[in-house]
Every structure is written in structure tokens, then in C-alpha cells.
Undergrad: 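Below: one structure in C-alpha cells.
Being a predicted model, the structure only gives us computed values, none of them experimental. Positions are given from 1, in the same order as the sequence printed here.
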Amino acid sequence: MVMGGAVLHVGAARADDNGNLVLQLLERVNTLEEQTRDMRGQIDQLNNQVQQQNATLSKQIADMNFAMQNGHGGASGGAASAASTAAAGAAPLASADGAAPAKRTAADILKDGNAALLRQDYTAAQADAQQVLSGPKSVRQIDAQYLLAQSLAGQKQYRQSALAYYDTYNRSPHGARAPSALLGVAATLVALGDKASACQALDKLSSEFPEPEPRIRSAEGIYRKKAKCGG
């Protein structure tokens with residue numbers, strides 16, 4: 001009888017342990033689901049902000065072009081100034097012999113945007129990137145998205161930059177820009193102080209690109225130290 005009671009007691013204890021483990025797992029799953037929903041909400045919010053910025057810029061350019069076509073080139077105010085900066089080079093003046101110069105191609109705009117980035121004119125770089133993104137769809141838009149992310153990071157708009165970097169990755173997850181884009185996500189998250197998420201981005205980078213270029217591998221090591229990633 002005593003042995004039977006002991007067996008029953010042990011069995012009950014194990015059942016309690018299993019029940020506690022299941023509860024812990026359920027709580028963990030619920031917590032992860034809540035975190036996922038929160039992250040998706042933040043990404044949606046940032047995505048909306050970027051779309052609003054793109055729409056605003058497109059409207060400013062359209063307003064400026066309308067004013068120029070109707071002889072109102074002297075438009076005043078911040079919107080006209082911003083549109084003028086964004087559209088610089090998009091509608092150049094005619095040459096001295098009266099021949100209309102060729103319109104800038106997406107490649108030309110990106111070249112100018114990267115030059116602006118190098119001289120730390122991040123506003124001009126952002127405008128050029130957005131001009132390409134608002135144009136016809138092409139492979140150049142991946143480069144434009146990456147330029148947008150870089151220009152936002154230069155302006156210390158890290159949340160928008162993180163979203164732009166991740167959008168670059170999403171547009172072409174196996175493309176040439178993908179490793180640099182994931183590294184950019186990690187860098188901006190480190191700047192925001194979100195070290196745990198930065199480590200997740202770096203883990204994704206090392207998992208999907210186990211043999212990156214030397215410069216990517218070197219930068220990955222630096223950001224792992226900054227984020228204090230384990231392992």
C-alpha cells in the first residue's frame with residue numbers, strides 16, 4: 001500500500017510538472033505573438049510614413065512643374081523650395097543653341113544621388129532616391145531604395161532608415177544589395193538602442209549569407225560587439 005501510494009504521488013508530481021511546462025510554453029507563445037503583432041504594427045506605421053513622404057514629394061514636384069508650365073516660376077514658400085531641390089536636374093534648361101537636353105535617366109539620377117550622399121548632402125540624396133522610386137518600375141528601384149535608406153540614416157532618421165533597409169532586402173532577398181541591407185537594418189537598430197533586434201538581424205545575415213564579402217563580414221563583427229550579441 002505504501003509503495004502504491006508513493007507511485008501515485010510521483011505520478012501526480014510528474015503530471016504537475018508537465019502541466020506547468022505546458023503553461024510556461026503557452027505563456028511564451030502568447031508573449032511571442034504579442035511581440036510579433038507589436039512589431040508588425042510598428043512596421044506598418046513606418047511604412048505609412050514613408051508612403052506619405054513619397055506622396056508629398058511627388059505632389060510638390062507636380063505642383064512645381066504645373067507652375068513652370070503656366071509661367072509661375074516664381075512660386076514662393078517652403079514647398080516650392082523643397083520641390084525645386086527634389087527636381088534639380090530633372091528638367092534642365094535648354095542649351096544655348098535652343099536644343100532641349102536629354103532628360104535624366106534613372107541611372108543618371110542615382111549617380112547624382114550617390115554623389116550627393118558622398119558629400120553628405122543627405123536631403124538631395126533622399127530626393128533623388130524618391131524620384132526614381134516614384135517613377136516606372138525597374139531594377140534601378142532596388143538601388144534607389146538602398147540610397148533612400150542611406151540618406152535617412154545620414155539624417156539620423158533611424159526608424160525610417162531601418163524600414164527602408166528592410167524594404168531593400170524584401171525587394172530582392174537574394175540580390176546583391178541584400179547582405180548590405182540586412183547589415184543596415186542592424187546598424188540602425190543599434191543606433192536606436194534595440195540591441196536584441198539588431199542581433200536578430202545579424203543572425204539572419206549570417207544564416208542567409210554565410211560567406212559574405214570581407215567588408216560585410218568585418219562590419220558584421222563590429223556591430224555584433226556593439227550590440228553585445230551572444231554566441
Undergrad: Are the side chain of Ser218 and the backbone of Pro214 linked by a donor-acceptor contact shorter than 3.5 Å?
TA: no
Undergrad: Judged by atom type as modelled, is there a donor-acceptor pair below 3.5 Å linking the side chain of Asp167 to the main-chain atoms of Ala164?
TA: no
Undergrad: Mind listing the side-chain donor-acceptor pairs of residues 178-191 below 3.5 Å, one per line with the distance, residues two or more places apart or on another chain?
TA:
{"from": "Ser180", "atom 1": "OG", "to": "Arg215", "atom 2": "NH2", "distance (Å)": "3.3"}
{"from": "Thr188", "atom 1": "OG1", "to": "Gly184", "atom 2": "O", "distance (Å)": "2.9"}
{"from": "Thr188", "atom 1": "OG1", "to": "Val185", "atom 2": "O", "distance (Å)": "2.9"}

Undergrad: Distance from Gln126 atom CD to Gln157 atom CD, nearest 0.5 Å?
TA: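 Going from CD on Gln126 over to CD on Gln157, the span is 6.0 Å.
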Undergrad: Of all the heavy-atom pairs spanning Ala144 and Ala129, show the shortest one and how long it is.
TA: O-CB, 3.4 Å
Undergrad: Could you grab the distance from atom CD of Gln130 to atom CD of Gln145, nearest 0.5 Å is fine?
TA: 9.5 Å
Undergrad: Restricting to non-hydrogen atoms, name the atom on Ala106 and the atom on Val132 that form the minimum distance, rounded to 0.1 Å.
TA: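 Heavy atoms only, the tightest pair is O-CG2, 4.0 Å.
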Undergrad: If you round to the nearest 0.5 Å, how far is CG of Leu117 from CG of Asp112?
TA: 12.5 Å
Undergrad: Is the closest side-chain donor-acceptor distance between Tyr169 and Glu208 under 3.5 Å?
TA: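 Result is yes, a qualifying pair exists.
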Undergrad: Quick one: does any side-chain atom of Arg177 pair with a main-chain N or O of Ser172 as donor and acceptor, under 3.5 Å?
TA: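 No, the answer is negative, given that no donor and acceptor are paired below the 3.5 Å cut-off.
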Undergrad: Same cluster or not: are Ile222 and Phe209 linked, directly or through other Ile, Leu, Val, Met, Phe, Trp or Tyr residues, by side-chain heavy atoms under 4.5 angstrom apart?
TA: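 No: no chain of side-chain contacts under 4.5 Å links Ile222 to Phe209.
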Undergrad: First locate atom NZ of Lys226, then atom NZ of Lys195, and finally report the distance between them rounded to the nearest 0.5 Å.
TA: 10.5 Å
Undergrad: Quick one: CG on Asp143 to CG on Leu133, what's the gap to the nearest 0.5 Å?
TA: 10.0 Å
Undergrad: Establish whether Leu163 and Ile142 are linked, either directly or via other cluster members, by ILVMFWY side-chain heavy-atom contacts under 4.5 Å.
TA: no
Undergrad: Give the minimum heavy-atom separation between Pro212 and Arg217, together with the two atoms involved.
TA: CD-NH2, 3.2 Å
Undergrad: Between Gln150 and Tyr165, is there a side-chain heavy-atom distance shorter than 4.5 Å?
TA: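 In contact.
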Undergrad: Let me see the working for Leu110 and Gln131 under side-chain contact (heavy atoms from CB on, under 4.5 Å), right down to the final yes or no.
TA: CA-CA 9 Å; Leu110 287 174; Gln131 186 175 341; over 6 Å; no
Undergrad: Got a second to check how far Glu220's CD is from Cys229's SG, nearest 0.5 Å?
TA: 9.0 Å
